Amino acid sequence: MASSRRALPVATLALRILSLLFLIASIVIIATAKVRADDTFFDEPDTTFKNVYAYRFVLAVGVIGCAYSLLAISFVAINLAGRKKMIGGTEGGTVLLICADVVCAVLLAAGGAAGLGLTVEAQRLFGEFLDSSFKTFFNRADISSVALLLASLCVVAIVMLSAYSLTK
């Protein structure tokens, strides 16, 4: 019986760490994606995520998600160490975390969808005109957006586990 009580918090902690890893990967990939000015036929400086609003949003969502994940991981770790309910031992604290997780999941999904949508449209419209450096840039942005969506799925699974823990 004791192991089943610890199974949900351990699974939640594992999912939170996995989502944090996806978010860190997303941030690193989108921040390092660059097209050098000498690789293009434009006279503009290097092209990065800063030049595209949707990719700025992807980075911002990743940073916000990382900050929230670090905060939530600390609550789960305290829960595991203290062997009691989160935030003051009440179900109200757990409900508060569930609501925050839902907001985080929606934000992560919106960021991933925005980046993925822009990448798909840009490749569809300009695919035949893009050289290899722009294709690499868009592929990196695509991977970063998919990492955000995977983090969103992890947070949705956390919400389901947390809701299940309230029914027990």
Side-chain angles (χ1 to χ4, degrees), residues 1-33 48-122 137-168:
M1 186 71 169
S3 64
S4 67
R5 281 189 185 159
R6 290 183 62 88
L8 285 176
V10 168
T12 302
L13 181 62
L15 283 169
R16 287 198 186 279
I17 291 172
L18 184 62
S19 70
L20 180 65
L21 292 175
F22 282 133
L23 291 168
I24 290 171
S26 174
I27 291 170
V28 168
I29 291 169
I30 197 71
T32 58
T48 63
F49 72 92
K50 296 175 188 176
N51 300 99
V52 183
Y53 288 119
Y55 296 152
R56 286 184 192 179
F57 183 61
V58 168
L59 183 76
V61 166
V63 169
I64 291 168
C66 274
Y68 174 73
S69 291
L70 288 172
L71 181 69
I73 285 172
S74 66
F75 283 126
V76 174
I78 290 169
N79 181 26
L80 276 173
R83 295 185 181 158
K84 58 183 178 181
K85 293 269 188 192
M86 295 184 218
I87 307 179
T90 65
E91 287 185 0
T94 305
V95 171
L96 178 68
L97 278 178
I98 290 172
C99 292
D101 283 338
V102 169
V103 170
C104 182
V106 170
L107 185 65
L108 292 175
L116 200 60
L118 176 71
T119 302
V120 168
E121 279 299 304
F137 175 74
F138 283 129
N139 286 339
R140 284 183 172 215
D142 202 13
I143 292 168
S144 177
S145 299
V146 168
L148 274 183
L149 290 175
L150 290 173
S152 171
L153 289 176
C154 289
V155 175
V156 167
I158 291 167
V159 169
M160 290 190 289
L161 287 175
S162 300
Y164 174 73
S165 72
L166 283 178
T167 62
K168 288 184 88 177

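Since this is a predicted model, take the numbers as computed values, not measurements.
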Exercise for the section: Working to the nearest 0.5 Å, report the span between CG of Asp142 and CG of Leu118. Expected result: 10.5 Å

Problem - For Thr12, the option from Ile73, Val159, Val76 that meets side chain to side chain contact (heavy atoms under 4.5 Å, CB included) - result: Val76

Exercise for the section: Identify the heavy atoms of Leu148 and Gly111 that sit nearest to each other, and give their distance. Expected result: CD1-C, 3.8 Å

Problem - For Phe57 against Ala114, the heavy-atom pair lying closest together - result: CD2-CB, 4.0 Å

Exercise for the section: For Val58 and Gly115, work out which heavy atoms get closest and say how close. Expected result: CG2-CA, 3.7 Å

Handout entry: Main-chain N/O of Ala141 paired with Ser145 side-chain donor or acceptor, under 3.5 Å
Key = yes

Problem - Heavy-atom closest pair, residues Ser144 and Ile30 - result: OG-CB, 3.4 Å

Fill in the blank from the handout: Note: Leu18 and Cys154 closest approach over all heavy atoms is CD2-SG, 3.7 Å

Handout entry: Student check: side-chain heavy atoms of Thr119 and Tyr55 closer than 4.5 Å
Key = yes

Practice task
Give, for atom OG1 of Thr32 and atom CD1 of Ile27, the distance between the pair rounded to the nearest 0.5 Å.
Solution key: 11.5 Å

Fill in the blank from the handout: d(Ser19 OG, Leu150 CG) to nearest 0.5 Å is 11.0 Å

Handout entry: Nearest non-hydrogen partners of Ala11 and Leu161, listed with the distance
Key = CB-CD1, 3.9 Å

Handout entry: side chain to side chain contact (heavy atoms under 4.5 Å, CB included) partner of Ile158, chosen from Leu13, Asp101, Leu153, Ile98
Key = Asp101

Problem - Value rounded to 0.5 Å, distance of OG in Ser152 from CG in Leu23 - result: 9.5 Å

Problem - Pairwise distance CG(Leu71) to CG(Leu97) - rounded to 0.5 angstrom - result: 8.0 Å

Handout entry: Distance in Å, Tyr68 OH paired with Ile64 CD1, rounded so as to fall on 0.5 Å steps
Key = 13.0 Å

